[in-house]
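So that the names make sense, note that chain A is the first sequence line, chain B the second, and so on, each numbered from 1. Atoms considered below: every heavy atom in the structure, side chains included; atoms not considered: hydrogens, waters and symmetry mates.
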Amino acid sequence: MGAYAGIASKINTVSTTVPMWNLRGATARRLKVFDLLIGCAATPADQASSFNLRRTSADGSPLTAFTPTKLDPADGASIASLDLTWTGAAEPTITGDSDLLQIPLNQRATVRWVAADGREIIVPAVSEAGLALLSAIATSPAIHNYCVLWTE
Amino acid sequence: MREDGAIIIATPQGETQRTTLQCCHCGNHFVCVKGSGVQRGFCTLCNQVTCGAHRCMAHFPFEKKLDLIEAGKLSLGEL
């Protein structure tokens with residue numbers, strides 16, 4: 001079992017269809033997300049934002065992606081892909097009513113969510129299954145940094 | 001009750017930490033706030049909390065759902 005990290009930076013424009021990122025798995029093994037960090041890189045200001053982690057059932061047509069980094073260099077490459085942008089309107093298909101984690105946040109704050117051992121958020125070992133981080137509220141969209149850690 | 005996760009929020013005023021619980025039927029993590037009025041549930045068969053969503057009222061363990069999806073007997077949208 002290997003552990004991997006993915007990072008992204010994106011303006012948290014509110015959308016129910018275009019996520020900040022989509023962590024896409026594969027049929028070989030399950031992905032188990034155990035750590036998630038969100039912080040704002042913009043000038044500190046009192047602005048409200050909220051992020052939702054939701055399931056996806058198709059990844060659309062990814063344009064750019066972050067290649068997962070191995071936490072242990074001795075591990076093999078990750079089967080996952082952290083997709084960041086998509087062509088045209090071919091964004092991931094977000095599963096309705098699938099909120100897995102909701103994080104309200106002030107722009108001045110940095111948040112970390114960490115799962116207890118065995119209580120991770122799991123992506124099934126199915127092609128195209130994934131987890132997307134959506135911006136639900138942003139009183140003034142700004143550049144945010146994201147870090148997600150998972151095992152597989 | 002056992003904690004399933006934690007949210008740590010760091011601000012210029014200090015650090016706040018809250019624990020999260022995980023629904024045994026959908027895998028959702030949530031912060032349980034006493035007196036918030038949000039209804040949660042408890043599955044006596046799983047002996048664990050549920051998130052309170054209508055679809056999580058019936059006993060259908062998350063692990064069973066994962067197995068059925070990976071076997072192609074349940075669609076991803078059902079998760």
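Ranking B:Ile7, B:Ile9, B:Ile8 against chain A, the residue ahead of the rest is B:Ile8, based on heavy-atom pairs under 4.5 Å. For the set B:Ser75, B:Gly5, B:Ala53, the count of heavy-atom pairs under 4.5 angstrom toward chain A peaks at B:Gly5. Between chain B and the options A:Ser127, A:Ala125, A:Ala58, A:Gly118, the largest number of non-hydrogen pairs under 4.5 Å is found for A:Ala125.
Counting non-hydrogen atoms of other residues, nucleotides and ligands closer than 6.0 Å to CD of B:Gln39 gives a total of 12 or fewer. A 6.0 Å sphere centred on NZ of A:Lys70 holds more than 12 heavy atoms belonging to other residues, nucleotides or ligands. Annotation for A:Lys32: atom NZ does not count as buried by contact number, only 12 or fewer foreign heavy atoms lying within 6.0 Å. Heavy atoms of other residues, nucleotides or ligands lying less than 6.0 angstrom from CG of A:Asp117 number 12 at most.
Neither A:Met1 nor A:Ile121 shares a network with the other; the hydrophobic side chains, linked directly or stepwise wherever heavy atoms of I, L, V, M, F, W or Y lie under 4.5 Å apart, form separate groups for each. A:Leu149 and A:Leu23 fall into different hydrophobic clusters, where Ile, Leu, Val, Met, Phe, Trp and Tyr are joined by side-chain heavy atoms under 4.5 Å apart, directly or via other members. Hydrophobic clustering of Ile, Leu, Val, Met, Phe, Trp and Tyr side chains at less than 4.5 Å, counting indirect connections, keeps A:Leu131 apart from A:Leu134. The hydrophobic clustering, which links ILVMFWY residues whose side-chain heavy atoms are closer than 4.5 Å, places A:Leu36 and A:Phe34 apart. Hydrophobic clustering of Ile, Leu, Val, Met, Phe, Trp and Tyr side chains at less than 4.5 Å, counting indirect connections, unites A:Tyr4 with A:Ile79.
Residue A:Thr93 does not touch chain B at all, counting heavy-atom pairs closer than 4.5 Å. Heavy atoms of A:Arg55 lying under 4.5 Å from chain B belong exclusively to its side chain. B:Arg18 does not touch chain A: none of its heavy atoms, backbone or side chain, sits under 4.5 Å away. Of the atoms belonging to A:Asn106, not a single heavy atom falls under 4.5 Å from chain B.
Here B:Arg55 does not pair with A:Asp99 in a salt bridge; the nearest charged N to carboxylate O distance is not below 4.0 Å.
A heavy-atom distance below 4.5 Å is not found between the side chains of B:Leu79 and A:Thr95. Here the side chains of A:Arg108 and B:Thr11 are not in contact, with every heavy-atom distance at 4.5 Å or above.
For the atom pair CG (B:Leu66) and CZ (A:Arg30), the distance works out to 4.5 Å, reported to the nearest 0.5 Å.
Of the residues listed (B:Leu74, B:Leu76, B:Leu68), the one engaging A:Pro124 in a side-chain contact (heavy atoms from CB on, under 4.5 Å) is B:Leu76, and it is the only one.
Under the 3.5 Å distance criterion, the side-chain polar atoms of B:Gln22 are matched with a main-chain donor or acceptor of A:Glu120.
Contact between B:Cys26 and A:Leu100 at its shortest, heavy atoms only, is O-CD2, 3.8 Å.
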